[in-house]
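Pasting in a structure now, in structure tokens, and then I'll have a few things to ask.
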Amino acid sequence: MSSITQYAAFAGVMLVVSASPGPDLAVIMSRALSGWAAGAAATLGVAAGMFLWVLAAVTGVSALLATSSEAFTAVRLLGAAYLIFLGVHALVQARRAAGDAILGPVAAQGFRRDLGRGFGSSILNPKTAVFFVALIPQFIPDGATVTDAVALPLVAVAVVTAWFLFVTSVVTWLHARFAQARTRRRIDTGVGVALVTVGVGVALQ
């Protein structure tokens, strides 16, 4: 395959990966409930983490993590703890909203905080390292240059950002139409339970 064909195929794979349910999707949906800007910031954080994972896979760095059981376990437990923390936070937010009749504007959490949440969700997932170590070699062109090595991470960033900005837009639109406090509480509770469940599952694997 030519470089263009390989990059296009990789973009298709990244779209499937992005659309699959997982911690990144749950975190971005949770932040999108606080507004489009919060969801967009979390999206940029996830994209930044994905860029580093793909770059690490291209350069072979993530192979070290994939083959080191101690490092893999450490990152896995950190990721699990982080997801549980985010889940508990969502449950607390749902409880705080319990007395509201109608949900008003949610206070901005800050760009850096939401960016960090997205980045943490992405970078603290060691399964991503294993996945890309197995995937990336199939998409590196013959006689690859430094430019080619950077191109794959940039393709990943473009696809991940586009998809999760779309998700953010859909979530914020739906939230604007169904912004009753009871609906928000149910969504926050559902997202919180999902994040805690995923976190516990990751920790026990």
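Since we're looking at a predicted model, the values are computed, not measured.
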If you compare all heavy atoms of V46 against all heavy atoms of S122, which two are closest, and at what distance to 0.1 Å?
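Looking at all heavy atoms of both residues, the shortest contact is O-OG, 3.4 Å.
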Kindly work out whether a path of hydrophobic side-chain contacts (I/L/V/M/F/W/Y, heavy atoms less than 4.5 Å apart) joins L174 to F166.
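Cluster IDs for L174 and F166 match.
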Linking I/L/V/M/F/W/Y whenever any side-chain heavy atoms sit under 4.5 Å apart, do M14 and L165 land together?
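M14 and L165: separate clusters.
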Tabulate below the donor-acceptor pairs under 3.5 Å that side-chain atoms of residues 152-161 make, not counting sequence neighbours, or state none.
{"from": "T161", "atom 1": "OG1", "to": "V157", "atom 2": "O", "distance (Å)": "2.7"}

With sequence neighbours excluded, what pairs up with F51 under the ring pair (Phe, Tyr, Trp, His ring centres under 6.0 Å) test?
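Partners of F51 by the ring pair (Phe, Tyr, Trp, His ring centres under 6.0 Å) criterion come out as none, since no residue qualifies.
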Sequence neighbours left out, what pairs pass side chain to side chain donor-acceptor pair (under 3.5 Å) with at least one residue falling in residues 35-51?
W36-S169
If you look at every heavy atom in S121 and D24, which pair is closest and at what distance?
OG-OD1, 2.6 Å
Hydrophobic cluster membership, with links at side-chain heavy-atom distances under 4.5 Å among I/L/V/M/F/W/Y: are M50 and V13 in one?
yes
If every non-hydrogen atom of D114 is compared with every non-hydrogen atom of A38, which pair is closest and at what distance?
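Nearest heavy atoms, D114 then A38: OD2-CB, 3.4 Å.
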Which heavy atom of A42 sits nearest to which heavy atom of R31, and what is that distance?
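Closest approach of A42 to R31, heavy atoms only: CB-CG, 3.9 Å.
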Residues two or more places apart in sequence or in another chain: which of them pass side-chain contact (heavy atoms from CB on, under 4.5 Å) with V167?
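Once residues adjacent in sequence are excluded, the partners of V167 under the side-chain contact (heavy atoms from CB on, under 4.5 Å) criterion are L25, M29, W163, F164, V171.
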